[in-house]
Undergrad: 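Here's a structure for you.
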2 protein chains.
Amino acid sequence: MNDIKSAVSEKSEPIPRLGEIGLSNFAPYLMNRIMGRYNADLRQEMTGLGLTTPKMRALAVLSVIDALPITELAVYAVVEQSTLSRSLEQLASDGLVRRDPDPTDSRVTRISITEAGRAALDQLWPSMVRVYEQMFKDIPAEERQAFVTTLQKMLNNVRKHDF
Amino acid sequence: MNDIKSAVSEKSEPIPRLGEIGLSNFAPYLMNRIMGRYNADLRQEMTGLGLTTPKMRALAVLSVIDALPITELAVYAVVEQSTLSRSLEQLASDGLVRRDPDPTDSRVTRISITEAGRAALDQLWPSMVRVYEQMFKDIPAEERQAFVTTLQKMLNNVRKHDF
DNA sequence: CAAAATAATATGCATTTGCAATTATAAATC
DNA sequence: GATTTATAATTGCAAATGCATATTATTTTG
């Protein structure tokens, strides 16, 4: 019932339409809707800190993986490269990230989070956790774990880069 | 390990930072990244059909639930009300949706998908299924089902409306 | 039932976005 | 090793977005 094609017969059945599956059984719909709420909830908190979604995502990634080239950071942060370029401009001028030329490839600029950047993220982090906990309210630890395991497989399936 | 706070002790432990959890164990990060890819992949197909993400989402929802007030459609489609208002303008002038005044509340405009709208969505649907299948490649039916079940709980947790 | 509060939709406007083109550097090819 | 091709990052520009507000209609309240 959850394998969208091939449910009944062997090959080339007519693909069921969305109406037959139902919005609430279609994983991408549910994920978009949940993340839409998550991101909207956080945007409010970010505005107060002078951050935007792309800026926040860049900081979040950089808090985990440092000194990333911009192109790579764009993939991790799920932000268009040109959008990220401009976000980094602002983050740098606000002193939340630092730009260092790559020593071996002078095309590359490596981005690092600064102490001020970490402090900004730390201010936001409790809200992120709060929204996260609301999202997983009453969902037991094993179910959360299984969910994340499936997500990891999915990311592997759709990712176009090695990172 | 997946319950972000309260992992070790009873109350008010210091909240672990994102760096300690790791990006690939943080469900919202994974979900944003997967859906970023999903939406980017589809955007290419949509462009060829003269559609945008908000337009496509509106059509997808309307193919399942018809004659929705704009405000309600905005929630289902995960699109800002003002953005949706403008998207519907275009969809209507392209003949893909119809606007009908609500008979009992004259503030409300109810939106329905037209035959042409269904045809446009039908053209996109195979791509949506293809991206979906890629996403869940090698993930068995029971795991998909469990995943959707968790998503449904999550949506219930974060939703702010009855629908 | 008049006045105030709420709700649905549209719109003005500044900002953000994404795409395409540009610039600068590096790698590959002939 | 000069020329072509590929890659990293920025930027110009038109279109899209989100917020606040305007407008019209409905519901609530005193």
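Reminder, nothing fancy here: chain letters follow the sequence lines and each chain counts from 1.
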Undergrad: What is the distance from CG of B:Leu84 to P of C:dA10, rounded to the nearest Å?
TA: 9 Å

Undergrad: Atom CG of A:Asp102 and atom C1' of D:dA8: how far apart are they, to the nearest Å?
TA: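 One finds 11 Å between C1' of D:dA8 and CG of A:Asp102, rounded.
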
Undergrad: Measure the acute angle between the ring planes of B:Phe26 and A:Trp125, then classify it against the limits of 30° and 60° as parallel, tilted or perpendicular.
TA: tilted

Undergrad: What's the CD-C1' distance between B:Glu89 and D:dT17, to the nearest Å?
TA: 14 Å

Undergrad: When the distance from CD of B:Glu72 to C1' of C:dA8 is rounded to whole Å, what number comes out?
TA: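 Those two atoms, CD and C1', are 12 Å apart.
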
Undergrad: Please state how far atom CE in B:Met46 lies from atom P in D:dA16, giving the value in whole angstrom units.
TA: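 To the nearest whole Å, that distance equals 12 Å.
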
Undergrad: Could you give the CD-to-C1' distance, from A:Gln81 to C:dA21, as a whole number of Å?
TA: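 So the two atoms are 13 Å apart, to the nearest Å.
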
Undergrad: Quick test of your reading: applying side-chain hydrogen bond (donor to acceptor under 3.5 Å, both in side chains), list the pairs with at least one residue in residues 79-103 of chain B, sequence neighbours left out, ordered by first then second residue.
TA: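 Checked against side-chain hydrogen bond (donor to acceptor under 3.5 Å, both in side chains) - neighbours excluded - the pairs reaching residues 79-103 of chain B are B:Lys55-B:Gln90, B:Arg98-B:Asp100, B:Asp102-B:Thr104, B:Asp102-B:Arg110.
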
Undergrad: What is the distance from CD1 of B:Ile70 to P of D:dT24, rounded to the nearest Å?
TA: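 It is 16 Å, rounded to the nearest whole Å.
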
Undergrad: Under 3.5 Å, is there a donor-acceptor pair between the side chain of B:Glu45 and the main chain of B:Leu42?
TA: no

Undergrad: I'd like to know if A:Arg107 reaches the base of D:dT7 with its side chain, counting only an N/O donor and acceptor under 3.5 Å.
TA: yes

Undergrad: So does A:Thr71 get a side-chain nitrogen or oxygen closer than 4.0 Å to the phosphate oxygens (OP1/OP2) of D:dA9?
TA: yes

Undergrad: Not counting sequence neighbours, which residues clear side chain to side chain donor-acceptor pair (under 3.5 Å) with A:Asn156? List them please.
TA: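 Only A:Arg159 meet the side chain to side chain donor-acceptor pair (under 3.5 Å) criterion with A:Asn156.
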
Undergrad: Polar pairs (N or O, both sides) under 3.5 Å between protein and nucleotides 16-18 of chain C?
TA:
{"from": "C:dG18", "atom 1": "OP2", "to": "A:Thr83", "atom 2": "OG1", "distance (Å)": "2.9"}
{"from": "C:dG18", "atom 1": "O6", "to": "A:Arg86", "atom 2": "NH2", "distance (Å)": "2.6"}

Undergrad: Keeping the roles fixed (side chain from B:Thr109, backbone from B:Pro101), state whether a donor-acceptor pair exists under 3.5 Å.
TA: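 Side chain of B:Thr109 to backbone of B:Pro101: no pair is present.
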
Undergrad: For the pair B:Asp66 (side chain) and B:Ile113 (backbone), establish whether a donor and an acceptor sit closer than 3.5 Å, ignoring hydrogens and angles.
TA: yes

Undergrad: A:Asp105 has an atom CG; how far is it from atom P of D:dA6, in whole Å?
TA: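 It works out to 17 Å between those atoms.
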
